Amino acid sequence: MITAEKFSHTYNFGFIDEATKKEIRRKILKATAIPGYQVPYSSPEMPIARGWGTGGLHATLSLIGPEDVLKVIDQGSDASVNACNLRDFVRRMTNCRTTFDTAEATLIQTRHRKPEEILGEKQIIVFQVPQPEPLRGVERFEFKTRQMHAEADYAKMWVSLYESYVKFGAIMNGAGYPVRVNGRYIMTPSPIPRWDVPNLSMAPCLHVFSAGREKRIHVVPPWTKVEPLEFEDVKFRVEEFAEVRCAASGGDRAFMDEIYESENSRKWVINDSSFLDKIRAGHRPPQRLFSNPEA
Amino acid sequence: MGYVAIKGGEDAIAQSNRLVEYYRLRDRSEPLAIEQIQGQFRLLSDKIMGEASLYAPEHAALVIKQNEGDVFESAFMLRAYRATLQRRYWSETLDTRAMFVRRRISSAFREIPGGQILGPTRDYTQRLLDSSLVRETLGSIEEFLSGFELPLDPTALAHPRCLPKVIDLLTSQGLLRPVDGDADRRVVDVTREAIKFPAPRSASLQMLARAETGGLMALAYSAQRGFGSTHATVGELRVGEVPLRVRDARGRVRHVGRIRLTEAEMISKIRVRAKDAVPYLSLGYGLCFGQNETKAICMGILDRAMRTGGDAPCQSQEFVLYHTEGIESYGFTNHLKLPHYVTFQSGLTNLRQAVERRDKKRGRLGFGMSDARAKEQPTA
């Protein structure tokens, strides 16, 4: 009953069919033209689960060419299982070269971190985004948030930051700190830690944020201003790893992971695996660092 | 490679994949044939085709085999496969009046033109375990089949036929009326376009048709239990095969085959605002692949509920459509298994600083730590 022909399906370069890839590229161009604005797109189904990086894959597979060198990061590491799986999938569908080295990659897909190393003009970084709507916390209906963006009505957002300050003595947003892009749209930068937020601003590389489940793409183009929301007297602050040094390299001034080997032993290790490798090999790549304003 | 707590990802994945395969096969039982799954797991295949929105019974059977019968995983895999297929044609609008009806009932009327046809249904079986199935053999199957087929006179069988619609009765009497004449009638394709709210009815029905059956049922049930005001009656529920036609490049309409569908037309009463106006009846509509009556009925209830304003979850289009999307919610709830240490770290530093600030403040005010802790209430 079943003929072999029926199940002899071959996949297109980059899995997604050409028409849909073209559509996604056009949506990325539109998003680039309107920095921070969330452009709806088709978001075809992927063989990877929703919420595991399908949006990132859409952007990566639409942008990648045979000569690209791909790096995939999950929470700072190339070696974690999800990163391995996504990298393997793109490699199988494109036969592209892959790398762990941040500087060597032309296209980087990442989950929730921007590399410590400064990215160049020829590099594109694609962020996996679980929740693209920065206003979701203050307004649950999509049709209202879109109106609020259109009217640049961000009052509720400011009020929520203020309330957080009044209640807790600080703006308690952790990862995914809200930012204003190019003086207009407020966006949420995937949930990258606050440590990475200043590195979005006036950066040479193109940042593509793609949310598969929510079917939205937004972009921070190169050399674009990105300002974290803050008050005149209550400033944005990054995570501080004061008096903490990396147990593997002795280095400091990077985003650190807290490692527990037993109940009472806490140590710290640089989160970005490519960056850590380079420090251990004896040269520290250039970094853009942000210092917290004095409290 | 830097220091990571979870290391050796590639090898771990490869070993895990082999282990999955081992778990499926370790009993060394007879391999399941695709035909067996397609035939004997008919309702499961139907459910999966619906959620994948791909009508492909053999492929559905294949994914069921591959995924050890997991419904979510199978629908997910089939839908991903669907995304790789080129779209050559759009079908002409299906005409369910042209359905070859296998089963058709109405709860609104005792007698309907053409008659009620029970067809294959488990509704009136007693849910008792049938231990004879443990010893089912090809011989016992053959015995049943000849017992079923032999007494039938093939020449005397009624041809499959088309039947009139129950709702036509009500429409002709002026009792059933279209409720929203100014509704958004654009036809959008939710597989190619991100949905925006308020969504046109075409998008809303498409999303319901792809939705996960259990999710739809939870919300439709809430509507019946009082979270919403839908008191629907099955006007007509029919299951059968409908001819599928496409228009080719030269504009000719071509018959490309038949697909099995379930259609539910749910009747409910529309209250009217004006003082002396009489209430009237209107429809909620459900249509899905295969035989999946629960889904079609729940679609009908929710279609109606979403077009009735109100505060209940089932009356909010956004709430219903986003949260019944099984494949998206499946992926997202399971992504919690991925590491979150960077984002968690970011929140942790904030929290520690907040604790520090509080302790400093208390120190200034002269509270003893233990006193202060004892008074603490959990906060939401």
Side-chain angles (χ1 to χ4, degrees), chain A residues 1-2 6-7 9 11-12 15-17 40-47 49-52 74-85 88 100 112-113 130 141-143 168-170 172 174-175 191 193-194 213 215-216 239-240 248 255 257-259 269-277, chain B residues 1-10 12-13 16 34-35 38 58-59 62 76-77 79-87 191-198 316 318 322 325 327-335 338-351 353-354 357-358 361:
Chain A
M1 180 167 66
I2 294 165
K6 183 166 232 163
F7 291 94
H9 183 73
Y11 291 104
N12 193 33
F15 186 79
I16 307 169
D17 67 280
Y41 78 108
S42 61
S43 184
E45 269 77 22
M46 287 280 113
R50 292 288 192 192
W52 294 58
D74 189 308
Q75 305 249 332
S77 166
D78 297 277
S80 63
V81 281
N82 197 42
C84 290
N85 195 32
D88 179 54
F100 284 6
H112 308 354
R113 263 321 301 275
F141 286 107
E142 186 81 32
F143 78 95
F168 307 109
M172 288 293 279
R194 281 162 290 143
R213 205 172 33 87
K215 303 177 178 64
R216 299 283 186 276
E239 296 86 354
E240 280 175 292
F255 192 89
D257 282 338
E258 205 170 320
I259 311 261
V269 168
I270 289 177
N271 166 263
D272 181 335
S273 58
S274 164
F275 191 70
L276 176 55
D277 284 345
Chain B
M1 195 186 310
Y3 181 99
V4 268
I6 310 160
K7 214 169 176 180
E10 285 182 21
I13 291 175
S16 167
I34 299 299
E35 292 83 350
Q38 199 186 325
E58 291 168 10
H59 288 82
L62 176 69
F76 164 28
M77 198 176 274
R79 208 194 265 188
Y81 174 74
R82 172 195 197 279
T84 68
L85 303 174
Q86 199 193 336
R87 175 161 316 188
T191 68
R192 299 277 153 149
E193 220 179 292
I195 192 166
K196 283 183 201 153
F197 293 99
S316 157
E318 259 198 66
Y322 272 147
E325 178 33 82
I327 288 167
E328 282 167 18
S329 40
Y330 172 68
F332 197 64
T333 42
N334 276 291
H335 107 284
L338 288 175
H340 282 75
Y341 44 83
V342 166
T343 38
F344 189 73
Q345 185 75 70
S346 190
L348 209 54
T349 62
N350 266 340
L351 205 55
Q353 279 160 15
R357 276 194 302 276
R358 187 224 27 209
K361 203 162 150 194

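Just so you know, these numbers come straight off a predicted model, no measurement behind them. Numbered from 1 within each chain, the chains take letters A, B, ... in sequence-line order.
Each of F275(A), F141(A), Y41(A), F15(A) has some count of heavy-atom pairs under 4.5 Å with chain B, and the biggest count is that of F141(A). Contacts with chain B were tallied for P44(A), S43(A), P47(A); P47(A) has the most, counting heavy-atom pairs under 4.5 Å. Of the listed residues M172(A), H112(A), E240(A), the one with more heavy-atom pairs under 4.5 angstrom with chain B than any other is M172(A). With respect to chain B, the highest number of heavy-atom pairs below 4.5 Å among E142(A), K215(A), R113(A), R213(A) belongs to R213(A). Among R82(B), H340(B), E328(B), R87(B), the residue with the largest count of heavy-atom pairs under 4.5 Å with chain A is E328(B). In terms of heavy-atom pairs under 4.5 angstrom with chain B, the leader among P130(A), P40(A), A49(A) is A49(A).
T84(B) touches chain A through backbone and side chain together, each having a heavy atom under 4.5 Å away. Contacts between L348(B) and chain A at a heavy-atom distance below 4.5 Å involve the side chain alone, from C-beta outward. Residue S16(B): no heavy atom, backbone or side chain, is found under 4.5 Å from chain A. For S346(B), the parts lying near chain A are the backbone and the side chain together; criterion is any non-hydrogen pair under 4.5 Å. In this structure, no portion of F344(B) lies under 4.5 Å from any heavy atom of chain A. With a 4.5 angstrom heavy-atom cutoff, D88(A) does not touch chain B via any of its atoms. With a 4.5 Å cut-off on non-hydrogen atoms, E193(B) touches chain A through its backbone but not through its side chain. Contacts between M46(A) and chain B at a heavy-atom distance below 4.5 Å involve the backbone alone (N, CA, C, O). Contacts of Y11(A) with chain B are made by side-chain atoms alone, with heavy-atom separations under 4.5 Å and no backbone atom involved. With a 4.5 Å cut-off on non-hydrogen atoms, R192(B) touches chain A through its backbone and its side chain both. Neither the backbone nor the side chain of N12(A) comes within less than 4.5 Å of any heavy atom in chain B.
No side-chain donor-acceptor contact under 3.5 Å links E45(A) to the backbone of F76(B). Without hydrogens or angle criteria, Q345(B) side chain to E258(A) main chain gives a donor-acceptor distance under 3.5 Å. When atom types are taken as modelled, the side chain of N85(A) and the backbone of V81(A) share no donor-acceptor pair closer than 3.5 angstrom.
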Mind running side-chain contact (heavy atoms from CB on, under 4.5 Å) on M77(B) and H59(B) for me, showing each step along the way? CA-CA 10 Å; M77(B) 198 176 274; H59(B) 288 82; over 6 Å; no
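A salt bridge links R79(B) with E325(B): at least one charged nitrogen is closer than 4.0 Å to a carboxylate oxygen.
In this structure, Y341(B) and D74(A) approach most closely via the heavy-atom pair OH-O, 4.1 Å. Here the closest heavy-atom approach between residue S77(A) and residue A83(A) is recorded as O-CB, 3.7 Å. Counting all heavy atoms, side chain and backbone alike, A175(A) lies closest to T343(B) at CB-CG2, 3.4 Å.
Distance CG/L62(B) to CD/Q38(B): 11.0 Å, rounded to 0.5 Å. Distance check: L338(B) CG to W52(A) CH2 gives 4.5 Å after rounding to the nearest 0.5 Å. To the nearest 0.5 Å, the span separating CG on N271(A) from CD on Q75(A) amounts to 7.5 Å.
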